[in-house]
Protein chains: 2
Amino acid sequence: MAKALKTILKKKGNFKVNGSLWIECNAKCFFGPGPVELLKNIDETGSINKAAMKMKMSYKKALELIRNLNEQAASPVVITQSGGDKGGGSVITDEARELIAYHIRLRNRFKKFLETETKNLSKAKINT
Amino acid sequence: MAKALKTILKKKGNFKVNGSLWIECNAKCFFGPGPVELLKNIDETGSINKAAMKMKMSYKKALELIRNLNEQAASPVVITQSGGDKGGGSVITDEARELIAYHIRLRNRFKKFLETETKNLSKAKINT
């Protein structure tokens, strides 16, 4: 059992344990909220350029993120088709959808961790 | 039970779930690794100025952090004595020590969370 916190915080304060989370590959940032949003936007718009614009990310940065993701994944997460009736376009793969779904589950577990810690912290408030 | 991850990551990659954690009070950052280090340094040096210098923090920033901590805590975490034989100096209180101890426990729980998630992530590696 966690050692109890002494009552050292003001009662009126709205205390919260907060944080951020990401996935590293070889000590380099690999996956987090940014890449997830990019993948979702590519899925929605069918275009890396439109997806990047939607989140005010440069096209160069978007390509870099996708190259990084494609390098770490066992098979590509984004496939770009050139030419054709629609003049090409990009689609996300099942691997990308799995990464997005995993990220949602991971964020939910982290959210639960933060909620538990915030509850724990509220015990440190003075009662007078 | 958490839904299993499909095998979508390269085997050779060194994947790790990493993150950062802090405590907010009224949506403003209140406590984290920086303030903890500052409190420890004040305890060691007996001086806010020396403590700030040790961690390459400006004296102004250090005073601001301490003012913020003192405001949120039920009683002050740092007490500054002026004058006397030693020409004043600053000491940390029992409340500060309790905050430091709590922070260590919190970091340990977070470390455990990250380790569990990193282990979980390794299951997503391909075996071929």
Side-chain angles (χ1 to χ4, degrees), chain A residues 2-32 69-77 93-99 101-106 108-110 112-114 116-118 120-121 123-128, chain B residues 2-32 69-77 93-99 101-106 108-110 112-114 116-118 120-121 123-128:
Chain A
K3 196 184 156 194
L5 256 177
K6 279 182 193 155
T7 54
I8 50 169
L9 302 176
K10 277 189 184 165
K11 199 182 178 183
K12 62 175 182 177
N14 183 20
F15 296 97
K16 193 183 168 187
V17 180
N18 210 345
S20 65
L21 212 64
W22 58 88
I23 298 160
E24 291 172 358
C25 180
N26 304 326
K28 191 175 151 188
C29 190
F30 160 67
F31 204 68
L69 287 173
N70 280 346
E71 263 172 27
Q72 310 307 339
S75 56
V77 292
T93 64
D94 285 347
E95 279 72 17
R97 289 183 209 286
E98 173 60 24
L99 265 182
Y102 160 71
H103 192 255
I104 291 170
R105 296 195 299 271
L106 175 67
N108 282 341
R109 290 193 289 269
F110 187 45
K112 208 173 157 186
F113 173 87
L114 294 175
T116 303
E117 289 298 343
T118 295
N120 181 29
L121 190 63
K123 290 175 194 159
K125 288 190 191 180
I126 51 168
N127 289 314
T128 49
Chain B
K3 196 183 158 195
L5 255 177
K6 281 184 193 155
T7 53
I8 49 166
L9 301 177
K10 277 188 184 165
K11 201 184 177 184
K12 63 174 180 176
N14 183 19
F15 296 99
K16 193 182 168 187
V17 180
N18 210 344
S20 65
L21 212 65
W22 60 87
I23 299 160
E24 292 172 358
C25 180
N26 303 326
K28 190 174 152 190
C29 191
F30 160 66
F31 204 66
L69 286 173
N70 280 345
E71 263 173 26
Q72 309 308 339
S75 55
V77 292
T93 64
D94 286 347
E95 279 72 16
R97 290 183 208 285
E98 173 61 23
L99 264 181
Y102 160 71
H103 193 254
I104 292 170
R105 297 195 299 271
L106 174 66
N108 283 341
R109 290 193 289 269
F110 187 45
K112 208 173 159 188
F113 173 86
L114 295 174
T116 303
E117 289 298 343
T118 295
N120 180 30
L121 192 62
K123 291 177 194 159
K125 287 189 190 180
I126 51 167
N127 289 315
T128 52

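If you're wondering where the values come from, they're calculated on a predicted model, not measured in any experiment. Proteins get letters first, then strands, A, B, ... in listed order; numbering begins at 1 in each.
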Asks: Chain B heavy atoms under 4.5 Å from A:Phe15: which part of the residue, side chain, backbone, both or neither?
Replies: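 Contact with chain B: backbone and side chain both.
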
Asks: Heavy-atom distance under 4.5 Å between the side chains of B:Asn120 and A:Tyr102, does that happen here?
Replies: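 Yes, their side chains come closer than 4.5 Å.
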
Asks: To the nearest 0.5 Å, tell me how far A:Thr116 OG1 sits from B:Arg109 CZ.
Replies: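 It comes to 9.5 Å.
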
Asks: So, the side chain of A:Lys10 versus the backbone of B:Glu71: is there a donor-acceptor pair under 3.5 Å, distance only?
Replies: yes

Asks: Kindly write out the residues that satisfy side-chain hydrogen bond (donor to acceptor under 3.5 Å, both in side chains) with B:Ser75, not counting sequence neighbours, or none if the list is empty.
Replies: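 Testing B:Ser75 for side-chain hydrogen bond (donor to acceptor under 3.5 Å, both in side chains), a comparison that skips the adjacent residues, returns B:Glu95.
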
Asks: Report yes if some heavy atom in the side chain of A:Phe110 is under 4.5 Å from a heavy atom in the side chain of B:Val17; otherwise report no.
Replies: no

Asks: Do A:Phe31 and B:Leu121 pass the side chain to side chain contact (heavy atoms under 4.5 Å, CB included) test, and can you show the C-alpha distance, the side-chain angles, and the key distance before you say yes or no?
Replies: CA-CA 12 Å; A:Phe31 204 68; B:Leu121 192 62; over 6 Å; no

Asks: Donor-acceptor check, side chain of B:Asn18 to backbone of A:Trp22, threshold 3.5 angstrom: yes or no?
Replies: no

Asks: B:Gly13 and A:Cys25: which non-hydrogen atoms are nearest, and at how many Å?
Replies: CA-SG, 4.0 Å

Asks: If you define the side chain from C-beta out and look only at heavy atoms, does anything of A:Phe30 sit under 4.5 Å from B:Leu9?
Replies: yes

Asks: What's the separation between atom NZ in B:Lys28 and atom CG in A:Asn14, rounded to the nearest 0.5 Å?
Replies: 13.5 Å

Asks: Who among B:Cys29, B:Ala27, B:Ser20 has the most heavy-atom pairs with chain A under 4.5 Å?
Replies: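 Sorted descending by pairs with chain A, the first entry is B:Ser20.
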
